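Report on the following structure.
Chain letters run A, B, ... following the sequence lines, proteins first and then strands; every chain starts at 1. What you see is a predicted model, and the numbers here were worked out from it, not measured in a lab.
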Amino acid sequence: MSQPQTAITPTREQDFPEWYQQVVRAADLAENSDVRGCMVIKPWGYGIWENMQRALDGMFKATGHKNAYFPLFIPLSYLAKEAAHVEGFAKECAVVTHHRLESDGKGGLRPAPAAQLAEPLVIRPTSETIIGATYAKWVQSYRDLPILINQWANVVRWEMRPRVFLRTTEFLWQEGHTAHETEKEAREETMQMLRVYETFARDWLALPVFTGEKSAGERFPGAVQTLCIEAMVQDRKAIQAGTSHFLGQNFAKASDIKFISRENKHEHAWTTSWGVSTRLVGTILMAHADDDGAVLPPRVAPEHIVIIPITPKPEMRDAVLPACDALAAELRKQTFGGEPVRVHVDKRDLGGGVKSWEWIKKGVPVRVEIGMRDLEKGSVAVARRDRGHKDKTFPATADFTSGIAGLLQEIHDSLLDRATKLRDAHTVKIETKDEFIAFFTAKNPAKPEIHGGFAVAHWDGSAEVETEIKEQLKVTIRCIPFDAPLEDGKCVWSGRPSVRRVVFAKSY
RNA sequence: CGGGGCGUAGCUUAGCUUGGUAGAGCGCCUGGUUUGGGACCAGGAGGUCGCAGGUUCAAAUCCUGUCGCCCCGACCA
């Protein structure tokens, strides 16, 4: 039977959003549930998340944080305490109003009117308020600070338009919440955690990111300063992949986190919060996947290697299967990124081609085939997911085994390199308004082709310019990069004086 | 919430304009031949056509209502 040229249709070029959905489906990562906007994360997708969790959790612990868990429900009044925060989240909250159901007399159920809650409970869209209320009880003295806590949790934000992994109504994330004695300490914490995210993105996810500060317009509701990592994906849009907020004393005042200072004075604590979510799973797909499906960065791939026994005749199984198990056992003794190499032997009685394509679509970094010919020669057939699907090498088995960590690292490096080149090729300095508009305007408005990228341009710092650009072009300031040098220039939009360039892009 | 579109087997869908007992492909099951790149042959299971009401001798098809989903916009990790 004739097959399409690519495992995924449409291709990225033909229809990027649809391609993305097909990749998620073909890789068996997640599916839509019966609840709008909520997804079922399947084992392969959840395995990626677990690997991300494990790595991040280690990094949080290494920087002095502990895990804890706070309630899912937030009293309505808590959320109302911080004005900007309320405004930011009020329109996307799920609210619980009853605690019991009763028969509606028609075979169905309804909330029991008698069981209405005196105060409605909001399902956390984020936990600043409830954690703040808790910290207020914990903190009496400067000796109680800092508090360095992270929680792994689910949150709910009733977004208008969900997209699997990138923006689901319920999503999984971690949220770090810290409280400090001084502003300086809190600011250092904010920056430290952003650096953790940057490192994680680069060294685990093979994502080069821009790091910087959000403009006031893009800031987290209630924050004094929002730092972020921004990744570019293959349709050249930006994805905010992680954020770290310096909250000043805003939430401490709202939640009354006070302590007696070294000078015997009442002071409000300085707090931070920082998070990354299952959006990262969507981000690595959009960044690395190709027209044959997912391409997983080795460090977070649920399996590093899949071994496919090739047994054209049933009697060959007796020779080939033990050899596959033996190779798997040897490989598992190797380590990569500080963890044992993860290997799966696919013994299902299916055609070799069918199995190969399944694993290609799932994005396993390395595929190994072993048949009688390989046993005779003492070699294995090896294919890397970052190369063409017919591009195979035939190393001696022992060499392959001893070199596996190097190979996986090479794959990681090649993904990072590819992503960096894509980003750099579409990150351009723009000087004039006409150029700026042209850069962000598709040639075919009816069905926009992949266009644009990151525009590094001068901005006069005004909210009006930011708003106008957003309204006219759907382009936002992604970040004010830390490494942007101070230089005199003219705002690309208003022509007014500017002292530095910022990064503009369309975003998810 | 505005503007479009769609609900038929696990999935993708044909049939609807012009009413007449539900069709295909993929997937699934069984047997055989296969397996180093998405196999083939034969047989088989699976659908009260989203839901409720109406018109009619007769409704997937026409009418009314209702629920849900998808896409585009406003909103967003």
Just to be sure I understand the rule, does A/A241 reach a base, reach only the sugar-phosphate, or reach nothing, if contact means heavy atoms closer than 4.0 Å?
nothing
For B/C76, what is the paired nucleotide under Watson-Crick or G-U wobble rules, both distances under 3.5 Å?
none
Between A/H245 and A/F220, what is the ring plane arrangement, given parallel below 30°, perpendicular above 60°, and tilted in between?
parallel
Base paired to B/C57 (Watson-Crick or G-U; both N/O distances under 3.5 angstrom):
B/G20
Report the base-pairing partner of B/C69 (Watson-Crick or G-U wobble, both distances below 3.5 angstrom), or none.
B/G5
Scan every strand shown for a Watson-Crick or G-U wobble partner of B/A52, both distances under 3.5 Å, and answer none if you come up empty.
B/U64
Select base, sugar-phosphate, or nothing to describe what A/T311 touches, counting heavy atoms under 4.0 Å on all strands.
base
B/G47 pairs with, by Watson-Crick or G-U criteria that keep both distances under 3.5 Å:
none
Whole angstrom value for the distance that separates C1' of B/A77 from CH2 of A/W173:
7 Å
Using purine N1 to pyrimidine N3 plus N6-O4 or O6-N4 for Watson-Crick, or N1-O2 and O6-N3 for G-U wobble, each under 3.5 Å, what pairs with B/U30?
B/A42
Atom-pair distance (CZ on A/R163; C1' on B/C75), nearest Å:
14 Å
Using the rule given for side-chain hydrogen bond (donor to acceptor under 3.5 Å, both in side chains), can you reason through A/H177 versus A/S273, listing the C-alpha separation, both sets of side-chain angles and the distance that settles it, and then say yes or no?
CA-CA 5 Å; A/H177 294 272; A/S273 68; 4.7 Å; no
Taking OP1 and OP2 of B/G73, is either one under 4.0 Å from a side-chain nitrogen or oxygen of A/R161?
yes
Classify the side-chain pair A/E189/A/Q192 by whether it contains a donor and acceptor separated by less than 3.5 Å.
yes
So what does A/M316 touch, heavy atoms closer than 4.0 Å: a base, only the sugar-phosphate, or nothing?
nothing
To the nearest Å, give me how far apart NZ (A/K470) and P (B/A74) are.
9 Å
Carboxylate-amine/guanidinium proximity below 4.0 Å for A/R478 and A/E230
yes
Under 4.0 angstrom between A/Q21 side-chain N/O and B/C71 OP1 or OP2:
yes
